[in-house]
Amino acid sequence: MNKGPGWYIMLFTTAVLMQVLFMNNLQFSGLVNPYFYILFILILPVNMSRVVLLLLGFLLGITIDAFSNTPGIHASATVFVSFLRPFMINAANLEDQEKGMLPTIANFGFRWFFQYAAVLVLLHHFFLFFVEVFSFHNFFSTFFRSILSSIFTLFFIGLSQFIIFRK
Amino acid sequence: MRNLIHFLYRYHAFLLFLVLEALCFTLMIRYNNYQGVRYFQSSNRISGFVYAEFDALRSYFSLRKINEELAIDNANLRSRLLSVSGAEEPPEIKITADSTNAYRLLPAKVINNSVNKQYNYLTLDKGARDGVKPDMGIVCANGIVGVVVNTSERFSTALSLLNSRWSVNAKLSRTHHFGPLHWEGENPYVAVLNEIPYHVGVQEDDEVVTSGFSTLFPEGILIGKVVRVEHKKGETFQTVWVQLSTDFKNLHYVGVVINPLADEQKELEKTTINE
């Protein structure tokens, strides 16, 4: 189950390229923009240290920012999610032998993964969308856009699970 | 001292979280104040390269569409030429166009673009090497597109009109009343023109064009058509919704407006304001 650093670098690159070349160009009615790249943070090993997690989150966000002219915006959201992720993992009360695993559907089942991913994706999108407009003016419009985009992000993340992480 | 170390050890993850968030917000705020932080821009070397390579691949799939657009554009220009040469009397007063003072268009290709953010940007495949500088306007065959904010050697980034940080001075071509036109952040086909006095009878389908007051665009470039007018009671101005003529979801080739007199005009306006 242990993957080498090469695998993670590839996952990182794939997530970034998928986001900037494909997802950013998806246009459903101009309101929805899925932020699929967050998948990288979601599926790092369960027992990853919190410091490494935060630093990787920052690296991922700032890379996306470099491609979309938004210095700091994506990075702040990914750091936020990296910070919250250990709490979600701890809430699951995992057995010791499960601690080195990747939190994927194949390892932990659809129900658990869906709850885990849904909470983190929603939090990420709320944070991102509100930082992006930087005000609570038009609160419900921003709220609605972030929920809509979260649904699409979750869809793509679920899809990726069946494509990359089949058993 | 031991307590301090213990505290730092115990909360090290939380403290790192705070430090990283502070860094992110600093980046954001610095960027808003003056468009620095050039390395985090899509005109930097690596991301510019990735976008250019990917666009080269993607443009094969839209060649047919681009061809059609160019053909339509050509036909329009040719018909305009016919109507000029077919005029019975040549106009008597001729304004001698001094070639050093005239606006020029530098063709460029859009290699990255978005319409679904609050702040949308474009990346163009022309940069400082080709003579592109910050504060140059960008137009396409159908209307205005945006303004250049940063350049690197071979690429440049631009604010799209669909960016709520930017507004452009526009006027009604029928009545010549002018005001700022800006995008509200939702519908990529509609923008809002403000500060039109309430006594002006704005009608649907009135054309909205650039005013020519700024150094970005020459006067009279089409922006769009009026779709809705609203005048709230007790306000001196009315709000005009404008259907944009540029299709931002479908931008391929654009022109960067080079105005050789821009520096002179800005210099003069600056001294006047300072007095």
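We use all heavy atoms of the structure for the numbers below, so side chains are in, but hydrogens, waters and symmetry mates are not. Each chain gets a letter, A, B and so on, in the order its sequence line appears, and its residues count up from 1.
Side-chain contact between B/Lys117 and A/Thr70 is absent, with no heavy-atom pair separated by less than 4.5 Å. Side-chain contact between B/Leu23 and A/Val79 is absent, with no heavy atoms from C-beta onward closer than 4.5 Å. The closest side-chain heavy-atom distance from A/Val20 to B/Tyr51 is below 4.5 Å. Counting only heavy atoms from C-beta outward, the side chains of A/Phe58 and B/Cys24 approach each other to under 4.5 Å.
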Name the atoms and distances for all side-chain donor-acceptor pairs under 3.5 Å in residues 127-137 of chain B, with sequence neighbours left out.
| residue | atom | partner | partner atom | Å |
| --- | --- | --- | --- | --- |
| B/Asp130 | OD2 | B/Gly127 | N | 2.9 |

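Taking a 6.0 Å sphere around CZ of A/Phe114, one finds it holds 12 or fewer heavy atoms contributed by other residues, nucleotides or ligands. Surrounding NZ of B/Lys109 are more than 12 heavy atoms belonging to other residues, nucleotides or ligands, all under 6.0 Å away. Within 6.0 Å of OH in B/Tyr253 there are 12 or fewer heavy atoms belonging to other residues, nucleotides or ligands.
Closest approach of A/Leu54 and B/Leu20 over heavy atoms only: O-CD1, 3.7 Å. Between B/Tyr119 and A/Glu132, the closest heavy-atom pair is CE1-O, 3.1 Å.
Between chain B and the residues A/Ser76, A/Ser82, A/Pro86, the most heavy-atom pairs under 4.5 angstrom are made by A/Ser76.
Contacts between A/Leu17 and chain B at a heavy-atom distance below 4.5 Å involve the side chain alone, from C-beta outward. Using a 4.5 Å cut-off between heavy atoms, A/Phe22 does not touch chain B at all. Heavy atoms of A/Phe129 lying under 4.5 Å from chain B are absent altogether.
Rounding to the nearest 0.5 Å places CZ of B/Phe14 at 9.5 Å from CZ of A/Arg50.
Note: A/Phe83 and B/Phe17 have parallel aromatic rings, judged against thresholds of 30 and 60 degrees for the angle between ring planes.
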